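Right, one structure below, let's go through it.
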Amino acid sequence: MQTKPKPKRVPTRKILDTLAVMYPDAHCELDYRNPFELLIATILSAQSTDRQVNKVTKDLFAKHPTPESFLQLTEDELAEYIRGLGLFRNKSKNILKTCRILVEEYNGEVPKKRELLEKLPGVGRKTANVVLSNAFGIPALAVDTHVQRVSNRLALADSENPLETERQLMKKVPRAEWSDTHHRLIWHGRRICIARKPKCSLCDLLPYCWYGKNETNTKVK
DNA sequence: AACTCGGGGCA
DNA sequence: TGCCCAGAGTT
């Protein structure tokens, strides 16, 4: 790794506006109808694709729409539903523990506080933020691998630590734009600013991008 | 900080 | 065939 010649001034406003033009309708691509389903779908999405998650949750949520209903399932039975995903045994175990807590401590509801969400098995900082923001409209900026990578490349963040990246983004991005920005960074990370060979020649952010300017060899069709 | 969980999709 | 996927928990 080279020492980073950080730009003197990051044109945050231009970056956010350009992202808005590029991805005007960016949104969560997990299928869910209520906070509980979003919580489960987000736990399931760890190291898996949202398409695979949507595939397995369709049948699962149809037959088990509530945490009470999930508790009728054994660990193996739930694992069978989500077998198409990676990490399915861990997820099955964690989700059943989480459902038990929801039923026994929160009257079957998903709590709306970060501290409580993060205590649920399988729920970390990222998942908690997704639920707060998408399900409850509580401002939060979830940092996953896409947000982390794209933020680093655009010099919106200079840390590899997701929590630190979250802090830096929250300082630079107006609170009202946290949710949209989160989704747009993800869409950008999946479509253009991909990990391996970013398609810099297709990127409207190139004029504002430290990485794109310095990695000319990565420009692929 | 480094492991581990992990099957499926895609180049 | 190898690499990655809207991470979290444990050591």
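Chain letters run A, B, ... following the sequence lines, proteins first and then strands; every chain starts at 1. Since the structure is predicted, the reported quantities are computational estimates derived from the model, not experimental observations.
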Check step by step if side chain to side chain contact (heavy atoms under 4.5 Å, CB included) holds for Phe136(A) and Val131(A).
CA-CA 7 Å; Phe136(A) 299 130; Val131(A) 171; 3.9 Å; yes
Measure [atom1]/[X] against [atom2]/[N] and give the value in whole Å, please.
| X | N | atom1 | atom2 | result |
| --- | --- | --- | --- | --- |
| Asn161(A) | dA1(B) | CG | P | 9 Å |
| Leu38(A) | dA6(C) | CG | P | 15 Å |
| Ile95(A) | dA8(C) | CD1 | P | 12 Å |
| Lys93(A) | dA8(C) | NZ | P | 18 Å |
| Ile43(A) | dA8(C) | CD1 | P | 9 Å |
| Gln52(A) | dG6(B) | CD | P | 16 Å |
| Arg149(A) | dC5(C) | CZ | C1' | 11 Å |
| Glu164(A) | dA1(B) | CD | P | 13 Å |

Among [options], which nucleotide sits nearest the side chain of [X]?
| X | options | answer |
| --- | --- | --- |
| Phe88(A) | dG8(B), dG7(C), dG6(B) | dG6(B) |
| Lys55(A) | dG7(C), dA6(C), dG9(B) | dG9(B) |
| Asp144(A) | dA6(C), dG6(B), dG8(B) | dA6(C) |

Please tell me whether Gln148(A) and Thr165(A) have a donor and an acceptor in their side chains that are separated by less than 3.5 angstrom.
yes
Please determine, by modelled atom types, if Gln52(A) and Lys55(A) share a side-chain donor-acceptor pair under 3.5 angstrom.
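Per modelled atom types, Gln52(A) and Lys55(A) side chains form a pair under 3.5 Å.
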Any Lys/Arg nitrogen of Arg125(A) or Glu166(A) sitting under 4.0 Å from an Asp/Glu carboxylate oxygen of the other?
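Counted as a salt bridge, because a side-chain N and a carboxylate O are separated by less than 4.0 Å.
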Between [M] and [N] - [atom1] atom distance, rounded Å:
| N | M | atom1 | answer |
| --- | --- | --- | --- |
| dG6(B) | dC3(C) | C1' | 14 Å |
| dT10(C) | dG7(B) | C1' | 22 Å |
| dC5(B) | dC5(C) | C1' | 14 Å |

Within 45° cone of Trp187(A) ring axis and under 6.0 Å: Arg184(A) NZ or CZ:
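No; the conditions do not both hold, so Arg184(A) does not lie above the ring face of Trp187(A).
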Report whether Leu16(A) and Ile192(A) are members of the same hydrophobic cluster (ILVMFWY, side-chain heavy atoms less than 4.5 Å apart, transitive linking).
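Yes, same cluster.
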Over all atoms of both residues, closest heavy-atom pair of Ala142(A) and Asn129(A)
CB-CB, 3.6 Å
Are OP1 or OP2 of dG7(C) and a side-chain N or O of Ser45(A) less than 4.0 angstrom apart?
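No, Ser45(A) has no side-chain N/O under 4.0 Å of OP1/OP2 on dG7(C).
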Do any side-chain nitrogens or oxygens of Arg51(A) fall under 4.0 Å of OP1 or OP2 in dC10(B)?
yes
Within the 4.0 Å heavy-atom criterion, would you say Gln47(A) contacts the bases, only the backbone, or no part of the nucleic acid?
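Result for Gln47(A) = base.
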Between His183(A) and Tyr23(A), is the ring centre distance below 6.0 Å?
no
Using the benzene-type ring in the case of Trp, are the ring centres of Phe36(A) and Phe70(A) under 6.0 Å apart?
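Under 6.0 Å, so yes.
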Mind running a 4.0 Å heavy-atom check of residues 109-135 of chain A against DNA chain B and sending the residues that fall below it, in number order?
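DNA chain B contact set from residues 109-135 of chain A: none.
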Which residues in residues 73-86 of chain A have a heavy atom closer than 4.0 Å to any atom of DNA chain B?
Arg83(A), Gly84(A), Leu85(A), Gly86(A)
Identify which one of Ile186(A), Val130(A), Thr127(A), Leu185(A) satisfies the side chain to side chain contact (heavy atoms under 4.5 Å, CB included) criterion when paired with Asp144(A).
Ile186(A)
